Amino acid sequence: MRLTSGVMIFGLVLAIGALILFVVALVGIARSQRLSGTARAVWVLIILAFPLLGPFFWFFIGQPGDVPGSGTAQRRE
């Protein structure tokens, strides 16, 4: 059975989207200053082990939120 070009394009768009999420999650983990080295390693392993679900886990439960009074919103002089 041959796939139509529309189905192929849809699959390609999904694959590119998944790749972008994967890369953005890895960059977010690498740039996070609130994670210890061990926590970073665990998150990278999760994303590598589950390339489709891992980035979603990172974006929804893994990113450290802003802590009130942490000084991130203060102007540096």
Side-chain angles (χ1 to χ4, degrees):
M1 181 186 316
R2 293 185 62 170
L3 294 175
T4 63
S5 62
V7 173
M8 290 175 56
I9 290 173
F10 181 71
L12 181 63
V13 168
L14 284 178
I16 290 172
L19 180 63
I20 289 171
L21 282 176
F22 182 82
V23 170
V24 170
L26 287 176
V27 169
I29 291 168
R31 294 185 67 186
S32 178
Q33 296 178 354
R34 295 189 180 143
L35 292 176
S36 67
T38 303
R40 278 193 185 115
V42 168
W43 274 111
V44 168
L45 288 174
I46 289 171
I47 289 181
L48 291 175
F50 306 102
L52 296 177
L53 291 177
F56 288 108
F57 289 150
W58 166 250
F59 290 123
F60 292 115
I61 64 171
Q63 288 183 332
D66 287 333
V67 177
S70 65
T72 57
Q74 296 175 356
R75 185 173 45 141
R76 296 181 186 176
E77 296 182 21

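Position 1 is the first residue of the sequence, and the numbers go up from there. Note that the structure is a prediction, hence the values are computed from the model and not measured.
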With sequence neighbours left out, the residues meeting side chain to side chain contact (heavy atoms under 4.5 Å, CB included) with Ile16 are Leu12, Ile20
Those residues at least two apart in sequence (or on a different chain) that pass side chain to side chain contact (heavy atoms under 4.5 Å, CB included) with Val27 are Val23, Arg31
Looking at Phe10, I'd like to know if its CZ atom is crowded, meaning that more than 12 non-hydrogen atoms belonging to other residues, nucleotides or ligands lie closer than 6.0 Å. no
Indicate if [X] and [Y] have the same hydrophobic cluster label, given that clusters are the connected sets of ILVMFWY residues with side-chain heavy-atom separations under 4.5 angstrom.
| X | Y | answer |
| --- | --- | --- |
| Leu35 | Phe56 | yes |
| Leu21 | Phe57 | yes |
| Val7 | Val13 | no |
| Leu45 | Ile61 | no |
| Phe59 | Leu52 | no |

Does any pair with a residue in residues 17-48 pass ring-ring contact (aromatic ring centres under 6.0 Å, His included), and if so which ones, sequence neighbours excluded? Trp43-Trp58
Separation of Ile9 CD1 from Leu14 CG (nearest 0.5 Å): 12.5 Å
Closest approach of Pro55 and Pro51, non-hydrogen atoms and distance? CD-O, 3.4 Å
Least distance between heavy atoms, Ala25 atom then Ile47 atom: CB-CD1, 3.5 Å
